[in-house]
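Beneath this line is the structure, given in structure tokens, with notes to follow.
These figures come from a predicted structure and were not determined experimentally.
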Amino acid sequence: MVSLPNAVTTDFLTDGMSMPKGFMNDEEKTFQYQNQLPSLPIPNLSVTLAKYLDSVKPFLTDDQLHETQALLKRFESGEGRVLHEKFVEKCKNKRNWLEKWWEEYAYLRIREPHTPFVNFAGPGPYIEKYWAPKDGSQIERGAMVLWFALQYWLVIRQQRLQVERGGGKTVWCMEQIHRLFNGCKTPGFEVDKLHHHFKTEEEGSCPTYVVVTSNGRMYKLNIVHEDGSILTVPELEIKLRTIRDNSTRLGPGIGLGTLTTENRTTWAKLREHLLSLHPDNKCCLVTVEEAIMLVALDDRKPNNLQELAVESLCGDPSNRWFDKTLQLCIFDNGSVACNGDHAPHDAMVMIHLTMWTFTGIYTSGVAWQGRCDIQPSADPEELVFHVDPVIVEGISQARAQFDLNVLSLELCVDKYRKYGKSLLRSYNHHPDTFMQMALQLAYYRMYKRPAPTYETASTRKFYHGRTETVRSCTVEAVEWCTSMLDPTIKNKKKLDLFKRAMDKHVTMMKETVDSQGCDRHLFGLQITALEENLPTPEIFTHPSWTKR
């Protein structure tokens, strides 16, 4: 048992379980401010080009810099001005001019396998702190984590989840929260498609089941009683154990989910062929795609955070459906991780769910505190697909390619324990800014050159806002890095340069949170040229663009 901190106040969930204050709020609804959010602003061309020029300076020689300056000047007064006018015309009546373009071109048009190259994944902090790997705990822990995730789904359905706010109590857009559950992506020959089946209680009903995978087989598990209440942890344990025992008795299934690791066009063709084989296949696919989430019972045993991180991203594909918006991966030794499709939402949404679960487990004392009686409920139902040699061979080839893709990745998970954000805050250093400087210095020490860096800033203060780019490798950061390798420069000078680089990064972060970076605007100009069948402007083919 875990002793709880003093003076913990709680919000009560169902069945007597509770959550610490701060996650829920019954005085306002989760999505009540959506239509009041400001529209994503349309950037100014001159400002965008000035910021772009500043961002490429660390990577250019003097001659290249002068050439880039001349290029940008020509662009601003010529084709760039015309392109920007067309861009403004396309965007002027949209609450968020970026949203559909970003989904389509940043995610849905990518033809390479989305796993492991696009999707994101990771372990929950409750694993290391309270649930060290323990053989035989898969069902017990899986039921607990699933229950808290389902409570999160229910709280969003009821619009009781606390509205997130940024600095100065600015309301943030909650649209990505709306897209976390009951969602899926289907492959297309040229572009994929997102499907959202989640609804709040005000909006109507939505599917109330999860899909559980075990031993390469898939099962539909209804998670509510007739009165609409969610199955308790003891009840979920019975269902999950039934699924695992059934899949063990029947032997390995075909592992159809492996196909979701394929090249997207290849998967689209195989999916179309699968649908043509038997009417039941469409019913099964719809069941998977509309489910609240996928729960993977995996027989692997990751024994530390690094192994768990690898398995959460690159785990057994026969037990996954990587096109699902959300997957919970429960391993044989009780380790737990999440995996998500990046197209409908960003990582912070999944992190919020993870912290909800972590806090719930902590508050409960790592034990079920609710009722233990078992009420009647529907048995799990296996989803049986009709396949032929084409599908079987497709699965085999997808698995072989997936294994090769996994080998192309290198992942290291470590923890630095000498100091953390508390110490940094005591020096008035923002932890993120400090870490960005540390990354720049580490790279510069290793390679003696600046590190082109993409850092994400959230633009959720705007309607359906997602991200803008902070180009963390600045002239100021490089000057500081150079000084750190020069023994003739005194420490006071190095500290002054460090503070100057930190101030520059903080300013850039504030600007990008206000959607005043340069990358999304330049992206919009690129897409405008593409849609208008115009030649690609030289700014996007020049060496300064690739060196950024």
Side-chain angles (χ1 to χ4, degrees), residues 22-25 28-40 94-108 114 118-122 124 149-167 170-185 192-200 202-203 206 289-294 322-328 338-357 455-469 512-515 520 523:
F23 282 98
M24 292 186 290
N25 186 347
E28 60 183 9
K29 294 182 178 180
T30 305
F31 304 107
Q32 76 175 64
Y33 302 114
Q34 288 299 101
N35 290 328
Q36 301 174 28
L37 292 168
S39 299
L40 191 71
K94 296 178 180 177
R95 295 287 311 277
N96 188 313
W97 56 264
L98 176 64
E99 181 179 17
K100 295 305 178 184
W101 277 345
W102 188 249
E103 281 183 4
E104 180 175 343
Y105 289 94
Y107 298 111
L108 301 180
H114 287 190
V118 179
N119 288 11
F120 50 74
L150 292 173
Q151 292 298 321
Y152 195 77
W153 170 82
L154 180 62
V155 167
I156 298 172
R157 284 261 298 152
Q158 298 170 340
Q159 295 202 66
R160 298 176 62 206
L161 189 69
Q162 174 76 54
V163 176
E164 292 183 66
R165 286 175 165 82
T170 302
V171 171
W172 277 22
C173 180
M174 301 295 284
E175 170 65 11
Q176 292 183 52
I177 295 287
H178 198 282
R179 289 156 41 126
L180 179 59
F181 295 103
N182 295 98
C184 196
K185 174 178 61 190
D192 294 350
K193 185 176 181 180
L194 290 176
H195 304 268
H196 308 294
H197 305 284
F198 176 83
K199 293 182 180 179
T200 65
E202 283 186 0
E203 294 168 331
C206 67
E289 291 161 3
E290 294 186 359
I292 296 172
M293 70 184 82
L294 184 133
F322 287 108
D323 286 353
K324 282 297 291 178
T325 305
L326 175 65
Q327 296 182 86
L328 288 179
C338 288
N339 186 295
D341 172 23
H342 207 335
H345 60 83
D346 299 313
M348 288 307 299
V349 174
M350 189 176 292
I351 288 173
H352 195 271
L353 167 62
T354 301
M355 291 309 300
W356 160 282
T357 306
E455 182 189 3
T456 298
S458 177
T459 56
R460 284 177 60 193
K461 67 190 294 183
F462 301 104
Y463 179 81
H464 288 195
R466 288 191 61 165
T467 60
E468 173 59 281
T469 304
T512 50
V513 167
D514 286 334
S515 194
R520 299 298 181 263
F523 169 77

>> Apply side chain to side chain contact (heavy atoms under 4.5 Å, CB included) to residues V163 and N25 and explain how you reach the verdict.
In response: CA-CA 8 Å; V163 176; N25 186 347; over 6 Å; no
>> Checking L161 against H352 for the side chain to side chain contact (heavy atoms under 4.5 Å, CB included) test, could you report, in this order, the C-alpha distance in whole Å, the side-chain angles of both residues, the deciding distance, and whether it holds?
In response: CA-CA 11 Å; L161 189 69; H352 195 271; 4.1 Å; yes
> Stepwise, does the side chain to side chain contact (heavy atoms under 4.5 Å, CB included) test hold for L326 with L294?
Replying inline: CA-CA 7 Å; L326 175 65; L294 184 133; over 6 Å; no
> Step by step, would you call T469 with T456 a side chain to side chain contact (heavy atoms under 4.5 Å, CB included)?
Replying inline: CA-CA 5 Å; T469 304; T456 298; over 6 Å; no
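No salt bridge links D341 with K324; every basic N to acidic carboxylate O contact stays at or beyond 4.0 Å. Between K29 and E202 a salt bridge is recorded (basic side-chain N to carboxylate O distance below 4.0 Å). Of the charged side-chain nitrogens involved, at least one lies within less than 4.0 Å of a carboxylate oxygen, so that K461 and D514 count as a salt-bridged pair.
Here the NZ-CG distance, from K193 to D323, works out to 14.5 Å after rounding to the nearest 0.5 Å. Annotation: the span from L328 atom CG to L353 atom CG amounts to 7.0 Å, rounded to 0.5 Å. The CD atom of Q32 sits 8.0 Å away from atom CD of Q159, with the distance rounded to the nearest 0.5 Å. Expressed to the nearest 0.5 Å, how far CE of M293 lies from CH2 of W153 amounts to 9.0 Å. With values rounded to the nearest 0.5 angstrom, E103 atom CD is found 11.0 Å from K185 atom NZ. Here the CZ-CZ distance, from R95 to F462, works out to 11.5 Å after rounding to the nearest 0.5 Å.
Side-chain contact between Y152 and T357 is absent, with no heavy-atom pair separated by less than 4.5 Å. Using a 4.5 Å heavy-atom threshold, the side chains of H178 and M174 count as separate. Using a 4.5 Å cut-off on side-chain heavy atoms (C-beta onward), E290 and F198 make no contact. Between H464 and Q34, some side-chain heavy-atom pair lies under the 4.5 Å cut-off.
A donor-acceptor pair under 3.5 Å is absent between the side-chain atoms of T512 and the main chain of S515, judged by distance alone. Side chain of Q158 to backbone of V155: no donor-acceptor contact under 3.5 angstrom is found. Side-chain N or O atoms of N96 include one that pairs as donor or acceptor with a backbone N or O of L98 at under 3.5 Å. In this structure, Q176 contributes its side chain and D346 its backbone to a donor-acceptor pair below 3.5 Å. A donor-acceptor pair under 3.5 Å is absent between the side-chain atoms of E289 and the main chain of H195, judged by distance alone.
Residues R520 and T459 have side chains that never bring a donor and an acceptor to within less than 3.5 angstrom of each other. Remark: the Q162 side chain and the E28 side chain contain an N/O donor-acceptor pair separated by less than 3.5 Å. Inspection of the T30 and R160 side chains reveals no N or O donor paired with an N or O acceptor under 3.5 Å. Checking R165 against T170 by side-chain atom types alone, no donor-acceptor pair falls below 3.5 Å.
Relative orientation of the W97 and W101 rings is perpendicular, given thresholds of 30° and 60° on the angle between their planes. Classified by interplanar angle (parallel below 30°, tilted 30° to 60°, perpendicular above 60°), the ring pair H342/Y107 is tilted.
Remark: aromatic rings of W102 and F523 are close, center separation under 6.0 Å. Taking the six-membered ring for Trp and the full ring otherwise, the centers of F322 and H114 sit at least 6.0 Å from each other. You'll find the ring centres of F181 and H196 outside the 6.0 Å limit.
Nearest heavy atom pair, residue N339 against residue A121, reads ND2-CB, 3.5 Å. Taking each heavy atom of C206 and N182 in turn, the nearest pair found is SG-OD1, 4.0 Å. Among all heavy-atom pairs drawn from T325 and G183, the shortest one is OG1-C, 3.0 Å.
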